[in-house]
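Shown next, in structure tokens, is the structure this report addresses.
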Number of protein chains: 2
Amino acid sequence: MREVAALAGVSLKTVSRVINAEPAVSSELASRVHAAIERLDYRHNRAASSLRRSDGRSAAIGVLLEDVANPFSSTLHREIENVALQRGVLVFAGSSDEDAERERSLIAEFTSRRVDGLIIVPASHDHSYLLSERRAGTAMVFVDRPAAYLDADTVLTDNQGGTRAGIAHLLDRGHRRIGYLGDLETIATAAWRFQGYSSELAAQGIELDPGLVRLDLRGIESAATAAAELLSVAAPPTAIFAGQNLLTIGAYRALRKLDLHHRVALVGFDDFLLADLLEPGITVVAQDPAALGRTAVELLFRRLDGDRSPSIHAVIPTRLIPRGSGEIQP
Amino acid sequence: MREVAALAGVSLKTVSRVINAEPAVSSELASRVHAAIERLDYRHNRAASSLRRSDGRSAAIGVLLEDVANPFSSTLHREIENVALQRGVLVFAGSSDEDAERERSLIAEFTSRRVDGLIIVPASHDHSYLLSERRAGTAMVFVDRPAAYLDADTVLTDNQGGTRAGIAHLLDRGHRRIGYLGDLETIATAAWRFQGYSSELAAQGIELDPGLVRLDLRGIESAATAAAELLSVAAPPTAIFAGQNLLTIGAYRALRKLDLHHRVALVGFDDFLLADLLEPGITVVAQDPAALGRTAVELLFRRLDGDRSPSIHAVIPTRLIPRGSGEIQP
DNA sequence: CACGATTAAGACAACGTTGTCATTCTTATA
DNA sequence: TATAAGAATGACAACGTTGTCTTAATCGTG
């Protein structure tokens with residue numbers, strides 16, 4: 001910048017003014033400065049800039065996802081990027097892998113780089129460590145799961161309502177023995193979904209049979225094994241509800257292997273690519289990760305723009321998409 | 001930091017030394033400093049640190065992908081994150097959407113934040129604008145597609161070889177009329193794949209019928225339409241090779257709709273989730289995005305560690321995975 | 001016991017910017 | 001024509017760190 005100023009024959013401050021498009025610069029000097037910038041191919045140093053600036057903004061936000069490579073997370077990520085980029089804000093992304101320790105260390109890395117805001121899909125169950133960060137002015141929004149021991153903006157899927165709708169869909173078609181495959185119980189969304197299952201059964205006066213429930217499953221393989229077990233008992237379920245993406249795929253694999261995919265109904269929570277091309281198409285309770293991301297990032301920027309109102313808790317509805325597998329009769 | 005120094009009763013510099021774990025600090029002072037850091041919950045400001053540091057490292061890299069939400073990109077992204085995080089390096093991610101303008105502006109944002117390195121899946125066809133950046137010491141690696149007008153490290157998939165293997169697989173099974181669906185010709189990988197198709201046909205003495213080729217397709221819908229057209233002519237192909245993920249899915253949709261999915265063979269370039277669960281399973285020439293990402297990030301860090309050897313051009317092999325659709329006989 | 005070598009700590013400037021305030025030059029008005 | 005008001009520019013300090021150099025304290029050796 002010093003060199004630019006020298007070449008243009010102006011002061012440092014004038015160059016700064018030109019770069020930040022401040023009004024009080026004559027057009028003649030401005031063009032001379034621009035020419036010098038061109039000539040020297042000078043690049044503005046935002047780190048130094050935000051260090052000196054009064055608001056201290058870095059024009060970067062941190063996004064903590066479960067895993068940047070999974071479709072749910074990456075859809076969220078993309079929506080966030082879209083809005084952020086429009087405002088010239090860059091996005092740091094990181095994967096927690098459902099590990100509380102990793103969550104903390106990644107967020108520490110984000111904050112040590114002075115991100116303006118954080119969008120967090122939490123893996124830990126205590127976010128009080130973020131209190132001081134919030135006090136320091138960092139905006140933060142929690143997505144998909146609630147913040148614990150911290151009052152903050154949240155954007156959640158209607159997990160319980162969605163699951164109830166899915167279970168009701170099966171009950172309407174006459175199923176009375178509905179198996180349930182659930183993710184790690186420590187994950188809040190998994191717990192809520194299971195609550196949806198329990199409460200919808202209760203609401204319709206059906207007793208929950210613990211023998212039809214398998215929880216704490218992770219990934220396709222364990223779900224396939226669990227589903228196969230459920231189906232091999234004396235009084236097997238006539239329908240299965242899978243509480244997550246990969247569990248649905250695992251259940252479908254098991255059904256195919258046992259050649260039951262046209263006999264036993266299957267409804268999954270969370271849509272996935274190609275669910276419509278399987279045989280039969282898989283009925284799902286679809287989340288809307290794009291809407292989650294959009295809502296979260298808009299909330300974040302509203303805070304960054306100065307909104308100081310009490311915490312907002314947004315809930316994004318689900319949508320049941322019948323494709324065949326959920327319409328099989330008992 | 002000033003407050004920490006005051007509370008611990010030491011100088012600024014000593015705090016700095018403790019934070020950077022420099023050796024020449026007595027353990028007593030160090031623990032006093034640590035206590036003060038705890039008490040004030042002080043956060044180190046890396047922006048200021050890297051501003052002052054002689055190497056000027058920001059411990060952040062920029063990753064430019066086609067779209068953070070697509071599986072190929074996000075797998076790459078994840079591999080990069082894994083290696084980077086181990087070294088305390090954070091990752092900025094951005095999506096070019098195949099738009100050269102967007103590529104440039106994202107990279108400008110990255111560099112204005114003084115990233116130490118760039119991993120780029122290029123969308124533009126002239127990277128000479130990066131020359132000055134490279135001269136300034138930013139490491140860079142190009143992935144999946146070559147750099148243009150710039151001599152730089154590159155990691156590519158063996159597009160032509162992979163396609164030739166896929167075509168040979170079909171020819172071996174007796175197909176002589178093989179349709180081809182290709183992505184935008186401006187994308188280098190798409191061009192190489194089409195070359196693979198042409199050259200393998202030529203090598204086996206089969207004349208290329210332009211009526212069996214549809215290029216410049218984008219996305220599932222246009223591929224489905226193109227495939228349906230190919231199949232509706234007087235002498236339709238007995239097999240289809242789809243030069244990309246979504247084109248394969250589009251082709252499969254079309255085959256299903258015409259109830260030809262057990263009659264016409266299909267081989268796709270690039271694997272996708274659930275390809276094995278479709279009916280029939282889809283035979284693919286699988287890329288290895290994880291290996292691409294790993295190789296790229298390792299190359300990048302080698303450069304950051306000071307390797308000044310000439311540019312390296314790595315090629316990652318493909319693997320043909322037979323699942324049924326590619327083994328249908330004419 | 002004196003001396004040089006080693007170790008631990010601090011003072012100060014500098015990294016590349018921008019906020020604040022002072023200065024100069026115009027322009028409009030009485 | 002004198003003067004106030006406003007516009008354009010610059011000088012300088014400061015943002016939160018770390019590199020360099022200096023000083024003070026400790027140690028081992030002949």
Side-chain angles (χ1 to χ4, degrees), chain A residues 1-34 36-37 40-60 88 108-109 111-116 133 136-138, chain B residues 1-34 36-37 40-60 88 108-109 111-116 133 136-138:
Chain A
M1 185 154 146
R2 225 194 313 270
E3 292 175 37
V4 171
L7 181 60
V10 298
S11 75
L12 262 183
K13 181 65 215 194
T14 300
V15 177
S16 168
R17 277 196 257 264
V18 170
I19 287 164
N20 293 294
E22 287 175 35
V25 179
S26 72
S27 56
E28 192 229 326
L29 278 200
S31 60
R32 239 158 68 201
V33 169
H34 276 126
I37 288 176
L40 299 171
D41 60 42
Y42 158 85
R43 299 280 154 86
H44 190 58
N45 186 332
R46 271 186 127 98
S49 164
S50 81
L51 180 61
R52 186 58 179 89
R53 281 199 130 82
S54 48
D55 59 7
R57 290 281 171 84
S58 60
E109 294 284 349
T111 56
S112 86
R113 281 165 183 85
R114 295 296 186 271
V115 292
D116 301 331
E133 202 52 43
T138 309
Chain B
M1 185 155 144
R2 225 194 311 270
E3 293 175 36
V4 171
L7 180 61
V10 298
S11 75
L12 262 182
K13 180 66 216 194
T14 300
V15 178
S16 168
R17 277 196 259 262
V18 171
I19 287 165
N20 293 295
E22 288 174 33
V25 179
S26 72
S27 57
E28 191 229 326
L29 278 199
S31 60
R32 239 161 66 203
V33 169
H34 276 125
I37 287 176
L40 299 171
D41 62 42
Y42 159 85
R43 301 279 156 84
H44 190 59
N45 186 333
R46 272 186 126 99
S49 165
S50 81
L51 181 61
R52 185 59 179 88
R53 280 198 130 84
S54 49
D55 60 6
R57 289 280 171 87
S58 60
E109 293 285 348
T111 56
S112 85
R113 280 160 184 89
R114 295 297 186 269
V115 292
D116 301 332
E133 203 52 43
T138 309

>> Using the side-chain heavy atoms of B:Arg53, tell me which of these nucleotides is nearest: C:dG10, D:dT18, D:dT17.
In response: D:dT18
> At under 4.0 Å between heavy atoms, what does A:Leu29 touch on the DNA or RNA strands: base, sugar-phosphate, or nothing?
Replying inline: sugar-phosphate
> In whole angstrom, what separates B:Arg113's CZ from C:dT17's P?
Replying inline: 14 Å
> Under 4.0 Å between a side-chain N or O of A:Ser26 and OP1 or OP2 of D:dT9?
Replying inline: yes
> Between A:Arg53 and A:Ser49, which heavy-atom pair has the shortest distance, and what is it?
Replying inline: NH1-OG, 2.7 Å
> Measuring from A:Ser26:OG to A:Glu28:CD, what's the distance to the nearest 0.5 Å?
Replying inline: 5.5 Å
> Can you check the B:Arg46 CZ to D:dT17 P distance for me, whole Å?
Replying inline: 12 Å
> Considering all heavy atoms of both residues, which atom of B:Val4 and which atom of B:Val33 are nearest to each other, and what is their separation?
Replying inline: CG1-O, 4.1 Å
>> It should be established whether B:Ser49 places a side-chain nitrogen or oxygen under 4.0 Å from OP1 or OP2 of nucleotide D:dT18.
In response: yes
>> Looking at D:dA14, I'd like to know if its phosphate oxygens (OP1 or OP2) sit under 4.0 Å from a side-chain N or O belonging to A:Arg52.
In response: no
> Given the rule in the side chain to side chain contact (heavy atoms under 4.5 Å, CB included) test, do B:Leu12 and B:Ser16 qualify, once you have shown the distances and angles that lead to the verdict?
Replying inline: CA-CA 6 Å; B:Leu12 262 182; B:Ser16 168; over 6 Å; no
> Which heavy atom in A:Asp116 sits nearest to a heavy atom in A:Ala59, and how many Å separate them?
Replying inline: OD2-N, 2.8 Å
> Between C:dC25 atom P and A:Glu28 atom CD, what is the distance in whole Å?
Replying inline: 16 Å
> Between B:Val15 and A:Ile19, who's closer to the 5' end of DNA chain C by nearest nucleotide?
Replying inline: B:Val15
> Can you name the closest pair of heavy atoms from B:Ser58 and B:Arg114 and give their distance?
Replying inline: OG-O, 2.6 Å
>> For A:Arg43 and B:Arg17, find the nucleotide of DNA chain C closest to each by heavy atoms; which residue's nucleotide sits nearer the 5' end?
In response: B:Arg17
> C:dG19 P sits how many Å from A:Met1 CE, rounded?
Replying inline: 11 Å
> Using a cut-off of less than 4.0 Å, is there contact between a side-chain N or O of A:Asn45 and OP1 or OP2 of C:dC15?
Replying inline: no
> Please give, in whole Å, the distance from C:dT17 P to A:His44 NE2?
Replying inline: 6 Å
>> Below the 4.0 Å mark, does C:dT17 have OP1 or OP2 next to a side-chain nitrogen or oxygen of A:Arg2?
In response: no
> Whole-Å distance between D:dT20 P and B:Asn20 CG?
Replying inline: 14 Å
> Within less than 4.0 Å of OP1 or OP2 of D:dT17, is there a side-chain N or O belonging to B:Ser16?
Replying inline: no
> Rounded to the nearest 0.5 Å, what separation is found between the CZ atom of A:Arg113 and the CZ atom of B:Arg43?
Replying inline: 14.0 Å
>> Rounded to whole Å, how long is the line connecting atom CG of A:Leu51 with atom P of D:dA13?
In response: 17 Å
>> Check whether B:Arg17 reaches the backbone of B:Glu22 with its side chain - one donor and one acceptor, N or O, closer than 3.5 Å.
In response: no
>> If you only use heavy atoms from C-beta on, which nucleotide in D:dG10, C:dC15, C:dT17 is closest to the side chain of A:Lys13?
In response: D:dG10
>> What is the distance, to the nearest angstrom, from the CD atom on B:Glu22 to the C1' atom on C:dA8?
In response: 12 Å
> With respect to the phosphate group of D:dA11, does any side-chain polar atom (N or O) of A:Ser11 fall under 4.0 Å of OP1 or OP2?
Replying inline: no
>> So if I take the C1' atoms of five pairs at each end of the helix from C:dC1-D:dG30 to C:dA30-D:dT1 and get each local axis, what angle do the two axes make, rounded to 10 degrees?
In response: 50°
